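What you see is a predicted model; the values in this text were computed from it and never measured. The basis for the numbers below is simple: all heavy atoms, side chains too, and nothing from hydrogens, waters or symmetry mates.
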Number of protein chains: 4
Amino acid sequence: MKNNKDFDKKDAIFKAMLELISKHGFHSSPMSEVAKQADVAAGTIYHYFKSKDELICALYVKLKQKNIENLFKNDDTAKPFKDRFRSFYLQMINEAIKNPKEFYFLEQFANSPYLSTIPKAELSVLDSPIYDFLRKAVFTQVLRDIPPKILVAFVTGSASSIIKLQLSGEFQMTSSDLELAFFTCWDGIKKA
Amino acid sequence: MKNNKDFDKKDAIFKAMLELISKHGFHSSPMSEVAKQADVAAGTIYHYFKSKDELICALYVKLKQKNIENLFKNDDTAKPFKDRFRSFYLQMINEAIKNPKEFYFLEQFANSPYLSTIPKAELSVLDSPIYDFLRKAVFTQVLRDIPPKILVAFVTGSASSIIKLQLSGEFQMTSSDLELAFFTCWDGIKKA
Amino acid sequence: MKNNKDFDKKDAIFKAMLELISKHGFHSSPMSEVAKQADVAAGTIYHYFKSKDELICALYVKLKQKNIENLFKNDDTAKPFKDRFRSFYLQMINEAIKNPKEFYFLEQFANSPYLSTIPKAELSVLDSPIYDFLRKAVFTQVLRDIPPKILVAFVTGSASSIIKLQLSGEFQMTSSDLELAFFTCWDGIKKA
Amino acid sequence: MKNNKDFDKKDAIFKAMLELISKHGFHSSPMSEVAKQADVAAGTIYHYFKSKDELICALYVKLKQKNIENLFKNDDTAKPFKDRFRSFYLQMINEAIKNPKEFYFLEQFANSPYLSTIPKAELSVLDSPIYDFLRKAVFTQVLRDIPPKILVAFVTGSASSIIKLQLSGEFQMTSSDLELAFFTCWDGIKKA
DNA sequence: TATGAATGAGCGTTCATTCAT
DNA sequence: TATGAATGAACGCTCATTCAT
């Protein structure tokens, strides 16, 4: 059984790598700096991870999982789907705005050759909660009859883009902007 | 005035860098390899570009410009806006599918710390054709009254995401899928 | 007095190091791997040996001693010297062929800078049985009157080389080949 | 065509590696030290050699070739074979004594796992002059009818061992000792 | 302009050794 | 004794960049 110290070290390494990559990118985040920021020796990282690449991939899976879990944190299946979707959509945006480093890391990873080093099956599992959420709503004719994969892409892609806009500092979104964004998405995907 | 040879060399360098980065990412695309693929000496690259970063940024601007120009290639201002938008939306997707390397490069760049090294003003200029296109349609009440920046983010983000789905090989989109995607977007953004 | 467990551990460490070095050489035989193969913790090795170098040197001395003892296992001082020498010479070759790992280790060590870290006096003691064996035969005029050290070098060197030929797999020696090898050596060193 | 400077650099690297390995062994001869001794930058070595291992192997082949060529430098095919062999045998010893670093390097290499990384065919070619020299003498019935490979092993092995004795400083060989060594070998291999 | 050998700082990683448990 | 996580110096190697030609 792992003790607290173990968790501390591994988590410190994850945190340091996240910090660095989100700010400087993959290739300006040397292991030596990760070690320094995590307050461990360089060699220690290699007790927990085989290589830099493996560390980065493990970090991606961990953060992606956490992120997706959080999207459904407030999901109330008793509510009408529209409400549930609204909560989900706004949560996507709010989570990212509250955790910009994690968002930047995830986007950077997902748009790099790293992504293709992770087996598709594993990626599917990560995404499956979103996929299931929307697929069911297609099935119950609450949502437009579009292939669920396209639906997922549409919804997450538009949200990502809006998040980037906000995080770029170029545009400060008010809550009514968020509401507008939600409706824009909803009116696109809902059953006519 | 630049002669043909100059163009050839510079273009060969651009092409080689595009090839490498789209496949292997920024790191794993050494200048020596670029030189080899471009069939020039390593030093030659530095006659055209101050540094690797500058070359990469110049490539981004060049490709982004070309890409955006192409989106309006078939724009017919005489047509109803819905038709024009349909053409624009499908063109976004088709251009990317026809030029996957360019798409991958642009996405990788835009989701990396490189992006923030380019002045915001310069980026705005690049995006302005899309911005103007949609802003006018908001003004003329064809589109929902949303801040144009959000609108641009929504439209391009959803398209990007759908393109990645297609390019990933995970899902083969038919032309009716594309049509569905267009309607999904359109129904979201059109004036109710 | 050492208990069985001690012997087991120490021997397991020796065995693991032998295995690794004979196959991969001194470098490419990390202590962590020795520990793994010996089924002990890395730190445990340092209870038995001060350092990697000391372990390697101790292994050399141990194996060299064992090896030389074995050469005289069947020595029958009642027999004519020629017979005794024949037995000795063939035993050198057979021992090595039966224990190739030990042979490779010993040769690798003896041809490396490690050898010179062992005091010459200690090495002399190890070799002395062979030295005495041949020196006496020079004294009794059975062997050519050559400085015994040269004699030892000649005999052991030719045997080593023949062993390597056999172990390389390049040449399969029959028993008549071995007999020929013995005669070649014998005719060289015997008193005319 | 390679200019002098090229030769100088490559040779300086070879020389530095030889110097270091002969004295400290493979794993205490870091590339950084080679670079320093050769008076080139660390990276420069990698223009000439793909890796440390490749450099070491190339050095082996180069020195082995040179060494074997030298053995026949004074060969006079007009002379009786016994004289030719005497010249060859003493040359083996003298060459090594004059070039102890090269001898140590070659022995260290030949008794390490490095040797097996060189294709057997390539090694055969290197040895073939010695092989041919002795094989012919077996054929013409000047030498004992032993498989030539065994003969080569016997002759070179005994010589190597005698060289090590001399270089160890443990025993100073006079020219009459050398003469004795030659006769010991010759009487062993000559046709009775 | 064009070359490509040369540079050397800096990278990812290894591994002999230590020490708190 | 025995453990094995932790250390950090040192390794082999890469690669953006320079400069003599």
Side-chain angles (χ1 to χ4, degrees), chain A residues 2-3 5-6 8-10 26-36 38-56, chain B residues 2-3 5-6 9-10 26-36 39-56, chain C residues 2-3 5-6 9 26-36 39-56, chain D residues 2-3 5-6 9-10 27-36 39-56:
Chain A
K2 302 199 169 194
N3 59 29
K5 226 175 149 193
D6 277 345
D8 287 355
K9 291 251 157 87
K10 207 171 172 179
F26 299 119
H27 80 291
S28 300
S29 302
M31 293 298 259
S32 56
E33 203 59 37
V34 174
K36 207 176 287 172
D39 203 33
V40 300
T44 302
I45 303 177
Y46 291 87
H47 276 291
Y48 295 97
F49 307 97
K50 265 198 205 121
S51 66
K52 186 181 182 181
D53 282 6
E54 204 188 87
L55 160 55
I56 289 173
Chain B
K2 302 198 170 196
N3 60 29
K5 220 177 152 193
D6 277 343
K9 290 241 161 106
K10 208 171 171 180
F26 297 119
H27 72 305
S28 312
S29 298
M31 293 295 262
S32 57
E33 203 60 34
V34 174
K36 204 177 290 172
D39 206 31
V40 301
T44 304
I45 301 177
Y46 289 85
H47 284 294
Y48 294 98
F49 306 97
K50 260 195 211 131
S51 68
K52 186 181 181 181
D53 282 7
E54 205 186 87
L55 160 54
I56 289 173
Chain C
K2 303 198 169 194
N3 60 29
K5 221 176 151 195
D6 277 344
K9 291 240 159 104
F26 297 120
H27 72 305
S28 311
S29 298
M31 292 297 260
S32 58
E33 202 60 34
V34 174
K36 204 177 290 172
D39 206 31
V40 300
T44 303
I45 302 178
Y46 289 85
H47 284 295
Y48 294 98
F49 306 98
K50 259 194 211 133
S51 68
K52 186 181 182 182
D53 282 7
E54 204 189 86
L55 160 54
I56 289 173
Chain D
K2 302 199 170 195
N3 61 30
K5 224 176 151 193
D6 276 344
K9 288 251 157 87
K10 207 172 172 179
H27 79 291
S28 299
S29 301
M31 294 298 260
S32 56
E33 203 61 34
V34 174
K36 208 176 289 173
D39 204 32
V40 299
T44 303
I45 302 177
Y46 292 86
H47 276 290
Y48 295 98
F49 307 97
K50 265 199 205 120
S51 66
K52 186 182 181 181
D53 283 7
E54 204 187 88
L55 161 54
I56 289 173

Where DNA chain F forms stems, i.e. three or more consecutive Watson-Crick or G-U pairs with both distances under 3.5 Å: E:2-21 with F:2-21

Between C1' of dG4(E) and OH of Y48(D), the distance in whole Å: 11 Å

Could you pull out the protein-nucleic contacts involving nucleotides 13-16 of chain E (nitrogen or oxygen on both sides, under 3.5 Å)?
residue : atom : partner : partner atom : Å
dT13(E) : OP2  : Y46(A)  : OH           : 2.7
dT13(E) : OP2  : K52(A)  : N            : 2.7
dT13(E) : O5'  : Y46(A)  : OH           : 3.4
dA16(E) : OP1  : K52(C)  : NZ           : 2.8
dA16(E) : OP2  : M31(C)  : N            : 2.3

Neighbour count above 12 (heavy atom, 6.0 Å) for D39(B) CG: no

Spacing of I56(D) atom CD1 relative to dG12(F) atom C1', expressed in whole Å: 11 Å

Distance in Å, I56(B) CD1 paired with S51(B) OG, rounded so as to fall on 0.5 Å steps: 8.5 Å

Length of the CD-C1' vector between E54(A) and dG12(E), whole Å: 14 Å

For the student: nearest non-hydrogen atoms of P30(B) and S28(B), plus distance: CD-C, 3.4 Å

Whole angstrom value for the distance that separates P of dA5(E) from CG of D39(D): 19 Å

Gap between atoms NZ and P, on K10(A) and dA5(F) respectively (whole Å): 12 Å

E54(A) versus F49(A), closest heavy-atom pair with distance: OE1-CA, 4.0 Å

Shortest non-hydrogen contact between A35(C) and A41(C), atoms and distance: CB-C, 4.0 Å

NZ on K36(C) to OG on S32(C), rounded to 0.5 Å: 6.0 Å

Heavy-atom closest contact (F26(A) atom, K52(A) atom, distance): O-NZ, 3.1 Å

Interatomic distance where NZ belongs to K36(A) and C1' belongs to dG8(F) [whole Å]: 13 Å

N or O in side chain of K9(D) less than 4.0 angstrom from dA6(E) OP1/OP2: yes

Protein-nucleotide distance (I45(A), atom CD1; dA5(F), atom P), rounded to Å: 16 Å

Between dA5(F) (P) and F49(A) (CZ): distance, integer Å: 14 Å

Student check: side-chain heavy atoms of L55(C) and M31(C) closer than 4.5 Å: yes

